[in-house]
There are 2 protein chains.
Amino acid sequence: MDFLTLIRMENHPRAGRTFEAHVHCQSCSIRKLCFPFSLGDDEIVRLDNIIKRNRPLQRHEHLFRAGDRMQHVYALRSGSLKCYLLNADGSEQITGFYLPGELIGLDGFGTGTYPTCAAALETTLVCAVSLTQLEELAGTIPHLRKHLLRALSREIHDEQEHFTHNRETAEQRLAAFLLNLSARYARRGLSATDFILPMSRGEIGNYLSLTTETISRLFTRYRQQGLLNIDGREIHLLNPAALCHLGVA
Amino acid sequence: MDFLTLIRMENHPRAGRTFEAHVHCQSCSIRKLCFPFSLGDDEIVRLDNIIKRNRPLQRHEHLFRAGDRMQHVYALRSGSLKCYLLNADGSEQITGFYLPGELIGLDGFGTGTYPTCAAALETTLVCAVSLTQLEELAGTIPHLRKHLLRALSREIHDEQEHFTHNRETAEQRLAAFLLNLSARYARRGLSATDFILPMSRGEIGNYLSLTTETISRLFTRYRQQGLLNIDGREIHLLNPAALCHLGVA
DNA sequence: GACCCGTTTTGATTCATATCAAGCACCCCG
DNA sequence: CGGGGTGCTTGATATGAATCAAAACGGGTC
């Protein structure tokens with residue numbers, strides 16, 4: 001039995017059995033992240049009723065692939081995953097990394113099929129929300145309707161920001177990326193300065209339109225400048241302010 | 001009186017007076033582009049009732065600015081405009097160009113304020129849809145609800161595609177840009193091979209993360225290769241297939 | 001017609017990052 | 001314990017587009 005499997009079983013002792021039994025939106029610790037608005041008791045139950053909890057995905061396993069019919073929107077419960085487009089030549093272009101509480105698959109509304117593939121970066125749990133039921137529910141719960149529009153809209157803005165960074169130098173882009181991750185971990189109550197990168201240097205590079213080599217060199221340079229310590233995927237930000245300054249300068 | 005003003009008056013003889021009087025969604029030639037789904041007579045009237053038609057915007061005039069409270073979503077009726085983010089240093093990053101039938105301002109749902117500025121590239125007419133009324137209407141017209149999600153979702157996908165192009169060469173990116181414009185004009189019943197670029201070389205460059213000089217050099221190169229003719233902003237695609245091939249290769 | 005200002009074109013040079021090429025570290029596995 | 005795979009690091013070189021610079025063009029104004 002390999003290390004990952006061990007970890008998985010430790011975190012999720014009921015792996016292999018269904019997860020329905022003991023977790024409900026009513027008591028979910030990250031509900032405020034997925035659906036951050038007040039719902040009546042009745043409404044929460046209706047939301048909970050249409051949510052399926054899938055067995056855990058393992059590293060490299062796919063949640064869906066580009067072109068699959070969109071039947072669910074997913075909320076990430078634990079772990080992390082990446083979404084990527086497939087280029088004509090078969091290479092992948094990572095469009096985003098997702099952390100707990102974030103919604104995945106919203107970009108499928110446009111055509112009714114997912115435009116991207118979604119793959120787990122580590123052992124990952126998601127909640128699946130049936131599309132047809134979600135759309136119905138959106139008709140009767142104005143808050144939910146508004147939230148969906150917001151989530152989509154925010155994703156557009158994120159893409160725009162991400163795009164804008166492309167005109168900056170490699171140094172600035174990586175700094176902005178690290179700070180973005182840091183802020184997202186902090187929102188989840190985790191350390192803003194110490195965290196584990198769930199993705200490889202190559203994946204970061206792919207996402208930022210840089211090469212593995214450039215990412216690696218930049219980490220070395222940051223380390224030499226005393227901005228951070230990094231050992232493998234374990235990162236410790238020593239001077240977030242300076243990193244931030246890089247991003248702006 | 002300058003040329004632009006003349007043009008405006010010629011196209012829009014009622015400029016200065018209200019436009020409400022004579023145009024309705026019921027009879028609008030591009031309604032299928034803004035809201036491309038079947039509505040009952042009653043529903044069309046309800047949609048039409050919440051739409052305001054503004055006086056024309058002139059070149060460089062703004063529809064809204066980044067940070068403005070989002071009170072309307074806009075449908076472009078004629079002309080064209082650009083949306084851009086303001087960077088910390090005050091420079092602009094163009095996030096998109098809009099043609100008739102396209103919806104503008106959807107990315108404001110996220111925060112309730114527009115993240116971008118929107119400025120007319122030429123004399124331009126828009127229909128303004130009140131946000132609160134649109135949200136109400138979305139509650140009762142499922143098609144409309146679905147369409148909004150679709151429009152947003154599609155915009156995400158467009159951003160992703162646009163982003164992906166960033167890893168390609170300048171030559172490929174400009175080719176993809178021209179073909180994209182061409183396809184959009186064609187959808188509007190206009191020529192796919194002959195059209196006027198509503199934006200400057202600098203604006204194209206800004207949008208594609210390239211410099212004015214590079215855009216200019218590329219146009220010269222395309223011309224030398226017999227791919228197109230271009231005179232000022234008047235463009236004539238001679239070999240779209242080869243241009244397309246560039247984009248893929 | 002003379003001048004001006006913004007846009008476009010063209011050329012020479014520079015620079016950031018990709019590419020090519022090794023070597024290293026770690027982990028799994030036999 | 002040794003072999004092989006994968007991901008990471010480091011170095012040398014190449015290159016595509018930016019930058020700097022200047023000239024050409026067009027339209028608008030006086």
Side-chain angles (χ1 to χ4, degrees), chain A residues 1-7 58-60 82 89 91-94 121-122 165-175 177 196-225 228-235 246 249, chain B residues 1-7 58-60 82 89 91-94 119 121-122 165-175 177 196-224 228-235 246 249:
Chain A
M1 181 173 301
D2 70 5
F3 181 68
L4 275 175
T5 311
L6 260 172
I7 287 286
Q58 295 179 55
R59 184 170 156 74
H60 294 145
K82 64 174 174 183
D89 64 358
S91 66
E92 64 181 60
Q93 167 62 53
I94 296 175
L121 295 173
E122 59 191 309
H165 284 136
N166 242 333
R167 63 173 49 253
E168 295 171 359
T169 66
E171 193 174 48
Q172 295 173 318
R173 272 186 275 169
L174 183 57
F177 174 75
I196 307 283
L197 296 173
M199 70 294 281
S200 70
R201 308 282 192 271
E203 284 166 332
I204 297 173
N206 181 303
Y207 177 67
L208 298 176
S209 307
L210 298 168
T211 57
T212 303
E213 293 93 324
T214 300
I215 300 297
S216 180
R217 280 186 246 271
L218 285 172
F219 276 138
T220 322
R221 198 192 309 170
Y222 289 154
R223 202 188 296 125
Q224 287 165 351
Q225 294 172 339
L228 50 74
N229 274 330
I230 185 163
D231 177 24
R233 304 227 178 147
E234 207 175 325
I235 198 162
L246 267 189
Chain B
M1 180 172 303
D2 70 4
F3 182 66
L4 276 175
T5 311
L6 259 172
I7 287 285
Q58 296 179 54
R59 182 169 157 74
H60 294 145
K82 64 174 174 182
D89 64 357
S91 65
E92 63 182 62
Q93 168 61 54
I94 296 175
L121 295 173
E122 60 193 307
H165 284 135
N166 242 333
R167 63 174 49 254
E168 296 172 356
T169 66
E171 193 174 47
Q172 294 173 318
R173 272 186 275 169
L174 183 57
F177 174 76
I196 308 283
L197 296 173
M199 70 293 283
S200 69
R201 308 283 192 271
E203 285 166 331
I204 297 174
N206 182 303
Y207 178 68
L208 298 176
S209 309
L210 297 169
T211 56
T212 304
E213 294 94 321
T214 301
I215 301 297
S216 179
R217 280 186 245 273
L218 285 172
F219 276 137
T220 324
R221 198 193 307 171
Y222 289 155
R223 201 188 297 125
Q224 286 164 354
L228 51 73
N229 275 329
I230 184 164
D231 178 23
R233 305 228 176 146
E234 207 175 324
I235 198 163
L246 267 189

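What you are looking at is a predicted structure, and each value in this text was computed from that prediction instead of being measured. Below, read A as the first sequence line, B as the second, and so on, with proteins coming before strands; counting in each chain starts at 1.
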Does a side-chain N or O of [X] approach OP1 or OP2 of [N] to a distance below 4.0 Å, or not?
X        : N      : answer
B/Ser216 : C/dT8  : no
B/Thr220 : C/dT10 : yes
B/Thr212 : C/dT7  : no
A/Thr211 : C/dA18 : yes

Axis-to-axis angle across the helix from C/dG1-D/dC30 to C/dG30-D/dC1, five pairs each end, nearest 10 degrees, ~ 30°
Rounded interatomic separation in angstrom, taking [atom1] from [X] and [atom2] from [N]:
X        : N      : atom1 : atom2 : answer
A/Leu218 : D/dC8  : CG    : C1'   : 14 Å
B/Leu210 : D/dA18 : CG    : C1'   : 10 Å
A/Ile215 : C/dT17 : CD1   : C1'   : 11 Å
B/His165 : D/dG16 : NE2   : P     : 19 Å
A/Glu171 : C/dC15 : CD    : C1'   : 14 Å
A/Glu234 : D/dC8  : CD    : P     : 14 Å
B/Glu203 : C/dG6  : CD    : P     : 15 Å
A/Arg201 : D/dT10 : CZ    : C1'   : 14 Å

Judged by atom type as modelled, is there a donor-acceptor pair below 3.5 Å linking the side chain of [X] to the main-chain atoms of [Y]?
X        : Y        : value
A/Asn206 : A/Glu92  : yes
B/Ser209 : B/Gly205 : no
B/Tyr222 : B/Ala175 : yes
B/Arg233 : B/Ile196 : no

Side chain of B/Arg233 - closest among D/dT9, C/dT7, D/dA17: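 Closest nucleotide to the B/Arg233 side chain: C/dT7.
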Of the candidates C/dA18, C/dT17, D/dT19, the side chain of A/Thr169 sits closest to C/dT17
Exercise for review: Dump the intermediate steps for side-chain contact (heavy atoms from CB on, under 4.5 Å) on B/Gln224 and B/Thr220, then the final yes or no.
Suggested key: CA-CA 6 Å; B/Gln224 286 164 354; B/Thr220 324; 4.0 Å; yes
*asked:* Set out, in order, the CA-CA distance, both residues' side-chain angles and the distance that settles side-chain hydrogen bond (donor to acceptor under 3.5 Å, both in side chains) for A/Arg173 and A/Asn166, then state yes or no.
replied: CA-CA 7 Å; A/Arg173 272 186 275 169; A/Asn166 242 333; 2.9 Å; yes
Taking side-chain contact (heavy atoms from CB on, under 4.5 Å) as the definition, give me every residue that meets it alongside B/Glu203, ordered by chain and number, with sequence neighbours left out.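 Only B/Lys82, B/Ile94, B/Phe97, B/Leu121, B/Met199, B/Ser200 meet the side-chain contact (heavy atoms from CB on, under 4.5 Å) criterion with B/Glu203.
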Contact list (N/O, under 3.5 angstrom) for nucleotides 20-27 of chain C vs protein:
unit_1: C/dC20; atom_1: N4; unit_2: A/Glu213; atom_2: OE2; d: 3.2

Worksheet item: B/Ile235 versus B/Leu228: any side-chain heavy-atom pair under 4.5 Å?
Response: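 Side chain of B/Ile235 against side chain of B/Leu228, heavy atoms only: contact under 4.5 Å found.
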Sorted by chain and number, sequence neighbours left out, salt bridge (charged side-chain N to carboxylate O under 4.0 Å, His left out) with B/Glu171 holds for B/Arg221
Handout entry: Under the salt bridge (charged side-chain N to carboxylate O under 4.0 Å, His left out) test, residues paired with B/Arg167 that sit two or more places apart
Key =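 Partners of B/Arg167 by the salt bridge (charged side-chain N to carboxylate O under 4.0 Å, His left out) criterion come out as none, since no residue qualifies.
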*asked:* Looking at A/Gln225, I'd like to know if its CD atom is crowded, meaning that more than 12 non-hydrogen atoms belonging to other residues, nucleotides or ligands lie closer than 6.0 Å.
replied: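 Count over threshold, so yes.
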(message) A quick test of your reading: do over 12 heavy atoms of other residues, nucleotides or ligands sit less than 6.0 Å from CG of B/Asp231?
(response)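 No, not enclosed.
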Sort me out a list of protein N/O and nucleotides 22-24 of chain D N/O pairs below 3.5 Å, or just none if empty.
none

